[in-house]
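Inspection log for the structure reproduced underneath, given as structure tokens.
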2 protein chains.
Amino acid sequence: MDAEAIKRSLEGSGLRCTPQRYAVMAFLMEHTRHPTAAEIFEAVNRVDPRSSRATTYNNLRDLVQAGLVREVAVEGRAARFDAKGMRHHHFICDRCGNVEDMEWYDVPRPPSRALGKRILRECELIFRGHCTKCAPRHASR
Amino acid sequence: MDAEAIKRSLEGSGLRCTPQRYAVMAFLMEHTRHPTAAEIFEAVNRVDPRSSRATTYNNLRDLVQAGLVREVAVEGRAARFDAKGMRHHHFICDRCGNVEDMEWYDVPRPPSRALGKRILRECELIFRGHCTKCAPRHASR
DNA sequence: TGAACGATTTAGATTATATCTAATGTGATA
DNA sequence: TATCACATTAGATATAATCTAAATCGTTCA
Ligand SMILES: [Mn+2]
Ligand SMILES: [Mn+2]
Ligand SMILES: [Zn+2]
Ligand SMILES: [Zn+2]
């Protein structure tokens, strides 16, 4: 995706396209690795423009609120982030905590009887187990 | 569930039934509210036996490893815990972060082609949106 | 019984992650 | 150019979780 498209998607969500915010968004779109805030902060600061830690967190919060980025909480580890491109599920490794994309398929919604007065925004399917890298060590643990 | 049953389930997992560990497990089984470690620590210390913060965390870690307790990571908040009784899904409120149980239903597994060399342990379905308490304020936000 | 030893607990220090504060900068608009 | 809301910043602060090293507990077995 080119710079103009990123700019448009930010502005379409009511967010100014600042250099720091653009850099966060562009980095997330180039990397499907689900980086942490600290990794994004570092990566953005290896090139211009520079961005403070507070700004990195602020922008991630804004992008999540705008629905352009997803935050993935992993037990016992820093949150990871993900530009919402194509729909997909996630596989989270029990051992190393890495988050990997899995091809999307439809998930059955709960019956409305079970929802009650709750308002459902999304159904998220998370797979857990051992990733390709960790599966061999699985037996030994 | 009575005390003997808790004792047996701990010992069946190779964990000694210490007073502190028992108290954590018993509290989780009595409360379906998905308390945080801090809440469990407080609750356990309102009655005997007392337990230190480190012990509370240690025991939660041990119980999760033994598969008796589930840890639920919620973005931007402390982890929550859940005695694994009957299978169920979770609804997590976008606004207040509360975790609520939802009746269980079968989730389609990914095709093994998509899994590759990964070892799948479980498929977790998480519903997100606004809980009953927060739904009314949803419009205003 | 009691010595030995691994498992467990403990208070407090430390680390890791994330947010807040208050001052400063920036850009769109009038 | 003046204004004003939005955005950025360094550093302080808050929150969540883990680590450390010493003390205690419980089981085993001589
Ligand atoms: Mn992803
Ligand atoms: Mn539950
Ligand atoms: Zn792994
Ligand atoms: Zn709520």
Side-chain angles (χ1 to χ4, degrees), chain A residues 6-8 10-27 34-45 47-66 68-81 96-97 99, chain B residues 6-7 10-27 34-45 47-66 68-82 96-97 99:
Chain A
I6 293 180
K7 186 164 184 291
R8 275 197 305 276
L10 291 177
E11 291 175 347
S13 301
L15 298 171
R16 276 192 201 161
C17 183
T18 66
Q20 291 83 355
R21 188 172 284 154
Y22 175 91
V24 168
M25 191 68 202
F27 182 77
H34 311 91
T36 64
E39 287 165 351
I40 296 167
F41 169 70
E42 261 197 84
V44 160
N45 281 290
V47 295
D48 279 334
R50 316 197 92 65
S51 181
S52 73
R53 190 160 41 99
T55 295
T56 304
Y57 276 101
N58 287 344
N59 282 327
L60 284 167
R61 192 227 307 113
D62 296 344
L63 292 168
V64 168
Q65 274 185 9
L68 298 172
V69 165
R70 178 195 324 207
E71 178 174 350
V72 183
V74 183
E75 332 72 64
R77 305 188 186 250
R80 291 164 172 278
F81 296 89
C96 69
V99 177
Chain B
I6 293 180
K7 186 165 183 291
L10 291 177
E11 290 174 349
S13 301
L15 298 171
R16 275 192 202 160
C17 182
T18 66
Q20 292 84 353
R21 189 172 283 154
Y22 175 90
V24 168
M25 192 66 201
F27 182 77
H34 310 92
T36 62
E39 288 165 350
I40 296 167
F41 169 70
E42 261 196 86
V44 161
N45 280 289
V47 296
D48 278 334
R50 317 198 91 64
S51 180
S52 73
R53 190 160 40 98
T55 295
T56 304
Y57 275 102
N58 287 345
N59 282 328
L60 284 167
R61 193 227 309 111
D62 295 343
L63 292 169
V64 168
Q65 274 184 11
L68 298 172
V69 165
R70 179 196 322 210
E71 178 175 350
V72 183
V74 183
E75 332 72 63
R77 306 188 185 250
R80 291 164 171 278
F81 297 87
D82 191 2
C96 70
V99 177

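So you know, we letter chains A, B, ... as the sequences are listed, proteins then strands, and number each from 1.
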>> Within the 4.0 Å heavy-atom criterion, would you say B/Arg50 contacts the bases, only the backbone, or no part of the nucleic acid?
In response: sugar-phosphate

> A/Arg77 has an atom CZ; how far is it from atom P of C/dT17, in whole Å?
Replying inline: 10 Å

>> Closest approach to the side chain of A/Ala78, judged atom by atom: which nucleotide of C/dT26, C/dT8, C/dT17 is it?
In response: C/dT17

>> Run the salt bridge (Lys or Arg N to Asp or Glu O under 4.0 Å) test against B/Arg50 and tell me which residues pass, sequence neighbours left out.
In response: B/Asp48

> For A/Tyr57 and D/dT9, what is the distance between atoms OH and P respectively, to the nearest whole Å?
Replying inline: 15 Å

> From the list D/dA17, C/dT8, D/dT9, which nucleotide is the closest neighbour of the side chain of B/Arg16?
Replying inline: C/dT8

> Over how many whole Å does the gap from B/Leu63 atom CG to C/dT8 atom C1' extend?
Replying inline: 13 Å

>> Is the phosphate of D/dT9 approached by A/Ser51 (side-chain N or O, under 4.0 Å from OP1 or OP2)?
In response: yes

> With a 4.5 Å limit on heavy-atom distance, are the side chains of A/Glu71 and A/Leu60 in contact?
Replying inline: no

> Could you state the CD-C1' distance from B/Glu71 to D/dA16, rounded to the nearest angstrom?
Replying inline: 11 Å

>> Distance check needed: D/dA10 C1' versus A/Asn45 CG, whole Å only.
In response: 13 Å

>> What's the separation between atom CG in B/Leu63 and atom CG in B/Leu15, rounded to the nearest 0.5 Å?
In response: 6.5 Å

>> Show, in sequence, the C-alpha distance, side-chain angles and deciding distance for A/Thr18 and A/Leu10, and conclude whether the side-chain contact (heavy atoms from CB on, under 4.5 Å) test is met.
In response: CA-CA 9 Å; A/Thr18 66; A/Leu10 291 177; over 6 Å; no

>> Nearest heavy atom decides the nucleotide; on that basis, is B/Pro19 or B/Asn58 closer to the 5' end of DNA chain D?
In response: B/Asn58

> More 5' along DNA chain C: B/Ala54 or B/Gly76, using each one's nearest nucleotide?
Replying inline: B/Ala54

> Does B/Thr18 put a side-chain nitrogen or oxygen below 4.0 Å from OP1 or OP2 of C/dT9?
Replying inline: yes

>> Quiz question: going by heavy-atom distance under 3.5 Å, is there a donor-acceptor pair between the base of C/dT19 and the side chain of A/Arg53?
In response: yes

> Between atom CZ in B/Arg21 and atom P in C/dT9, what is the gap in whole Å?
Replying inline: 5 Å

> Pairs in or reaching into residues 52-66 of chain B: which pass salt bridge (Lys or Arg N to Asp or Glu O under 4.0 Å), with residues at least two apart or in two chains?
Replying inline: B/Arg21-B/Asp62

>> Using a heavy-atom cut-off of 4.0 Å across all strands, would you classify A/Ala79 as base, sugar-phosphate, or nothing?
In response: sugar-phosphate

> Given atom CD of B/Gln20 and atom P of C/dA11, what is their separation to the nearest angstrom?
Replying inline: 10 Å

> Nearest to the side chain of A/Thr55 - C/dA18, D/dT9, C/dT26?
Replying inline: D/dT9

> Rounded to whole angstroms, how far apart are CD on A/Glu39 and P on C/dA18?
Replying inline: 11 Å

